[in-house]
There are 2 protein chains.
Amino acid sequence: MKRLDTRDADFETAFTALLDSREEQGQEVNKPVADILSAVRREGDAALCALTERFDNLAVTPQTLAFTPDEVAQARAQVSQDLLDALDVAARRIEDFHRKQLPADIRYTDDVGMTLGMRWIPLDAAGLYVPGGKAAYPSSVLMNAIPAKVAGVQRLAMCVPTPSGVINPLVLAAADRAGITEIYRVGGAQAVGAMAYGTQTIRPVDRIVGPGNAYVAEAKRQVFGHVGIDSIAGPSDVVVIADSGSDPRVIALDLLAQAEHDELAQSTLITPDAAFADTVIEAVEKELGVLSRAAIAGASWARNGAVLITRDMREAVELANRLAPEHLELMVDDPEALFAHVRHAGAAFLGRFCPEAVGDYVGGPNHVLPTSRTARFASGLSVHDFMKRTTFLSGGPDALRRIGPSAVALAHAEGLEAHALSVSARLDALAAKTANA
Amino acid sequence: MKRLDTRDADFETAFTALLDSREEQGQEVNKPVADILSAVRREGDAALCALTERFDNLAVTPQTLAFTPDEVAQARAQVSQDLLDALDVAARRIEDFHRKQLPADIRYTDDVGMTLGMRWIPLDAAGLYVPGGKAAYPSSVLMNAIPAKVAGVQRLAMCVPTPSGVINPLVLAAADRAGITEIYRVGGAQAVGAMAYGTQTIRPVDRIVGPGNAYVAEAKRQVFGHVGIDSIAGPSDVVVIADSGSDPRVIALDLLAQAEHDELAQSTLITPDAAFADTVIEAVEKELGVLSRAAIAGASWARNGAVLITRDMREAVELANRLAPEHLELMVDDPEALFAHVRHAGAAFLGRFCPEAVGDYVGGPNHVLPTSRTARFASGLSVHDFMKRTTFLSGGPDALRRIGPSAVALAHAEGLEAHALSVSARLDALAAKTANA
């Protein structure tokens with residue numbers, strides 16, 4: 001863990017190094033991923049099955065790639081009613097929030113009599129990647145699937161690896177709750193390849209979303225252009241801005257909730273109160289003594305944890321903007337006053353009783369968020385990711401007479417004669433008609 | 001040119017081959033682009049100047065990388081008033097349309113008393129790539145820059161290659177009209193690298209937009225993640241749906257306006273009227289005899305042109321949807337009736353007097369549009385590309401009591417103890433307070 005104070009002489013150097021360390025590094029998996037994608041594209045199901053046997057230790061045939069409705073129902077039956085209820089609370093709140101995101105079409109007629117606008121249309125098909133193994137999170141299923149459903153996507157395919165055949169029943173229950181009926185037991189770059197290019201069993205989709213490991217991320221990068229993708233997910237991170245009005249243990253737990261995801265996860269406390277910072281650091285150490293995932297959380301905190309002491313709260317927000325965190329907690333009495341100055345954050349959690357963990361599950365906004373400081377330009381998953389826009393322009397003779405000559409002039413200037421002629425031939429026809437009238 | 005009829009027995013095979021041929025192929029420039037990007041990242045300005053000398057035959061120093069205000073003013077002075085006026089008509093209409101795209105924030109309080117929403121925030125800095133040489137289009141400068149300005153982006157950097165020092169004065173005049181004050185005479189992958197990673201002279205940006213050649217496209221693909229990018233531009237294409245109510249020469253010119261861009265450009269006519277199709281084909285041949293860019297347009301038409309004869313207009317629209325064109329012209333009496341069934345198109349042009357060339361310059365909607373059938377999932381450039389969203393969640397003790405337990409249940413189910421504790425510790429504190437009250 002790094003403890004930096006903005007009043008230290010070398011703060012800028014140390015903070016810049018911290019920023020650099022948080023940029024996406026990317027494992028060097030370009031070549032193996034290209035090989036996997038090319039095999040899936042060339043051989044389809046055969047490659048998919050062979051790769052699943054190799055990487056997931058699971059014998060699978062084209063006939064058993066998909067989970068059957070019975071398998072899904074059996075999985076659901078293994079889940080307690082309490083958990084199904086919690087899943088339902090989460091799903092309903094996620095649905096409500098994402099429905100508010102549905103964008104409005106534009107259509108208007110302007111001063112020259114042209115009607116123009118923009119129409120939002122859902123994608124035909126989307127593919128959801130859900131990590132398996134230790135990161136098999138049912139909440140991610142809801143967060144990926146529900147925006148697509150709300151957007152109006154007709155077909156949703158989901159891929160989830162099942163190492164040695166193991167699947168978390170709650171993952172299938174979540175898929176079922178989200179209305180996904182097409183679920184394949186494949187993962188890694190091969191799953192991305194199957195959804196991008198299609199195989200005999202898995203039809204191709206138009207956009208692939210969802211977090212994954214370095215292979216999945218690189219595969220998404222390589223299929224981008226052929227299909228759409230969401231942002232490439234790096235290690236998860238949180239910045240907590242807090243003051244001594246919060247219980248140090250509670251703030252420590254918020255930092256550790258991020259750290260327990262992954263040794264690469266990044267937890268940062270920013271506070272103007274150096275004494276409070278030290279009590280939080282102590283509380284983190286104490287909790288690490290009892291936490292079930294202490295090995296992971298401890299490694300994350302030791303390597304990537306940071307505590308930044310600032311002159312005041314305004315400076316705390318400025319540092320948060322430079323970190324452009326995936327998650328930003330404002331654990332203060334008047335969080336809105338600070339939030340007004342936040343420019344770069346994937347999602348913000350305002351107030352002492354609103355920790356990130358609430359948003360991870362049941363808040364409503366999406367928990368698939370821009371990592372590795374990409375909140376500078378990227379956004380969390382939303383219904384927008386499952387829609388695209390068609391602009392349109394409509395006009396008759398009068399509008400063409402008004403603005404056509406400017407198009408002709410610019411086309412000539414660009415040396416594009418056919419462009420100019422396609423407008424001027426119409427203008428000529430109109431002029432001839434007027435002359436004959 | 002391929003002439004296919006949907007009533008032919010082998011139509012599906014031939015049409016599928018056509019679709020495949022229009023998917024992005026991508027030249028194999030992965031390695032040279034990676035080398036260029038790594039040189040720029042490592043050596044900054046020195047690499048940028050060396051590469052500009054090598055690829056653009058232009059000796060340049062860090063001091064002369066940027067155009068001076070004087071150089072821009074001199075360029076503007078070389079442009080005729082007529083053209084400046086046309087540029088202004090275009091700019092005003094593009095501004096008007098893109099202002100309508102500005103999205104609304106979301107904020108509401110829900111049934112458990114949580115306040116949640118989503119805030120749109122402009123990027124800090126954007127980079128605009130403008131092709132040079134034969135594809136130096138001033139209209140592209142407006143189309144790239146104005147949405148960024150309307151979105152509220154504070155800093156815009158523009159890169160344009162100037163082979164042997166040649167620059168189209170109208171390109172600089174357009175940049176000036178759009179309010180760009182930071183313009184660099186660099187192009188290719190090295191320009192993308194400079195904008196992504198920054199050099200001593202060019203500060204890094206958050207998102208890079210604008211079309212370019214295969215090197216530029218691959219460079220954007222490789223820097224994606226470190227910065228944002230727009231869709232990767234492939235060859236331009238148009239689908240024209242027409243009937244005999246249009247002059248065959250006018251339709252031929254619309255097809256040729258696309259073909260004259262580039263030998264890889266793709267022009268397709270779809271019509272239910274086989275006789276009309278043949279008169280258009282004849283008109284294309286005739287125009288190719290007189291057109292200034294006949295060599296390019298002729299090669300494009302010969303290799304990538306297509307004429308599809310359909311049973312009816314409804315089938316014409318279905319084929320257009322499968323082609324997912326960048327540009328779609330509906331040259332019929334009632335274009336709105338057809339447009340209602342259009343699902344996949346970057347931009348649509350409705351009515352016999354509204355050809356694509358109007359939209360290329362002065363329509364208002366953006367002409368930077370999804371190519372290579374990516375209109376299935378991608379959209380034209382818009383103000384959205386220059387903004388990002390921060391979601392937020394705000395709640396007090398009461399809201400936490402209502403939904404916190406569901407978060408705790410799901411966190412336990414996912415094996416994330418610190419997540420559960422960060423919520424339950426707060427709930428415990430509230431319970432203790434209530435008990436003591």
Side-chain angles (χ1 to χ4, degrees), chain A residues 24 83 86 89 100 106 116 121 123 137 170 206-207 225 228 232 250 253-254 256-257 260 292 343 345 347-351 353-355 357-359 361-365 376-377 379-380 388-397 400 403 406-407 409-410 413-414 417-419 421-423 425, chain B residues 24 83 86 89 100 106 116 121 123 137 170 206-207 225 228 232 250 253-254 256-257 260 292 343 345 347-351 353-355 357-359 361-365 376-377 379-380 388-397 400 403 406-407 409-410 413-414 417-419 421-423 425:
Chain A
E24 193 207 18
L83 268 180
V89 167
K100 306 252 181 198
I106 298 170
L116 55 174
I121 302 169
L123 309 192
Y137 296 145
L170 197 54
D206 299 307
R207 187 175 201 123
I232 289 173
V250 158
L253 287 168
D254 290 359
L256 288 168
E260 75 177 340
S292 58
R343 289 184 54 78
F349 304 90
L350 280 61
F353 293 96
C354 190
V358 168
Y361 294 108
V362 295
R376 290 171 294 126
F377 56 83
S379 308
K388 73 273 180 26
R389 306 175 298 264
T390 297
T391 56
F392 60 92
L393 192 64
S394 172
L400 192 70
I403 65 171
S406 293
L410 289 166
E414 292 187 352
E417 188 190 0
H419 281 66
L421 284 170
S422 91
V423 177
Chain B
E24 193 208 16
L83 268 180
V89 167
K100 306 253 183 200
I106 298 169
L116 55 175
I121 302 169
L123 308 192
Y137 295 146
L170 198 53
D206 298 308
R207 187 174 201 124
I232 289 173
V250 159
L253 288 167
D254 290 358
L256 288 168
E260 74 177 341
S292 58
R343 289 184 55 76
F349 304 90
L350 281 60
F353 294 95
C354 191
V358 168
Y361 295 108
V362 295
R376 291 172 292 124
F377 57 82
S379 308
K388 74 272 182 21
R389 307 176 297 264
T390 297
T391 56
F392 61 90
L393 191 65
S394 172
L400 192 70
I403 65 172
S406 294
L410 289 166
E414 291 187 353
E417 189 191 0
H419 281 67
L421 283 171
S422 91
V423 178

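Residue numbers start from 1 in every chain, and the chains themselves are labelled A, B, ... in the order their sequence lines are given, proteins ahead of strands.
For the set A:Ser406, A:Gly359, A:Gly396, the entry with the most heavy-atom pairs within less than 4.5 Å of chain B is A:Ser406. With chain B as the partner, the residue from A:Ala347, A:Ala86, A:Ser379, A:Ala345 showing the most heavy-atom pairs under 4.5 Å is A:Ser379. Counting heavy-atom pairs closer than 4.5 Å to chain B, the top-ranked of the candidates A:Leu256, A:Ile403, A:Val89 is A:Ile403. Residue with the most contacts toward chain B among A:Thr391, A:Ile106, A:Leu253: A:Thr391 (heavy-atom pairs, distance under 4.5 Å).
With contacts defined as side-chain heavy-atom distances shorter than 4.5 Å, the pair A:Leu393/B:Leu350 does not qualify. Using a 4.5 Å heavy-atom threshold, the side chains of B:Cys354 and A:Leu400 count as separate. Side-chain atoms of B:Glu414 and A:Tyr137, non-hydrogen and from C-beta on, do get closer than 4.5 Å to each other. Between B:Ser422 and A:Pro355, some side-chain heavy-atom pair lies under the 4.5 Å cut-off.
Nearest approach of B:Tyr361 to A:Ala407, heavy atoms of both residues: CD1-O, 3.8 Å. Of all heavy-atom pairs between A:Lys388 and B:Arg343, the closest is NZ-O, 2.7 Å. Closest approach of A:Leu83 and B:Ala409 over heavy atoms only: CD2-O, 3.5 Å. When all heavy atoms are compared, the tightest approach of A:Leu116 to B:Gly364 is CD1-CA, 4.5 Å. Residues B:Phe377 and A:Gly225 approach most closely at CZ-O, 3.6 Å, considering heavy atoms. In terms of heavy atoms, A:Glu417 sits closest to B:Glu260 at N-OE1, 3.2 Å.
For chain A, the nearby parts of B:Leu421 are the backbone and the side chain; heavy atoms of each come within less than 4.5 Å. For a residue to count as touching a neighbouring chain, one of its non-hydrogen atoms must lie under 4.5 Å from one of that chain's; by this rule B:Ile121 touches chain A with the side chain only. Interface remark: A:Leu123 contributes backbone and side-chain atoms alike to the contact with chain B (heavy atom separation under 4.5 Å). Looking at B:Leu410, the atoms closer than 4.5 Å to chain A (heavy atoms on both sides) sit in the backbone and in the side chain alike. Residue contact with chain B, scored on non-hydrogen atoms closer than 4.5 Å, involves the backbone and the side chain of A:Val358 alike.
Atom CG in B:Asp206 sits 5.0 Å away from atom CZ in A:Arg376 (nearest 0.5 Å).
Within the 3.5 Å criterion, the main-chain N or O of A:Ala257 finds a donor-acceptor partner in the side chain of B:His419.
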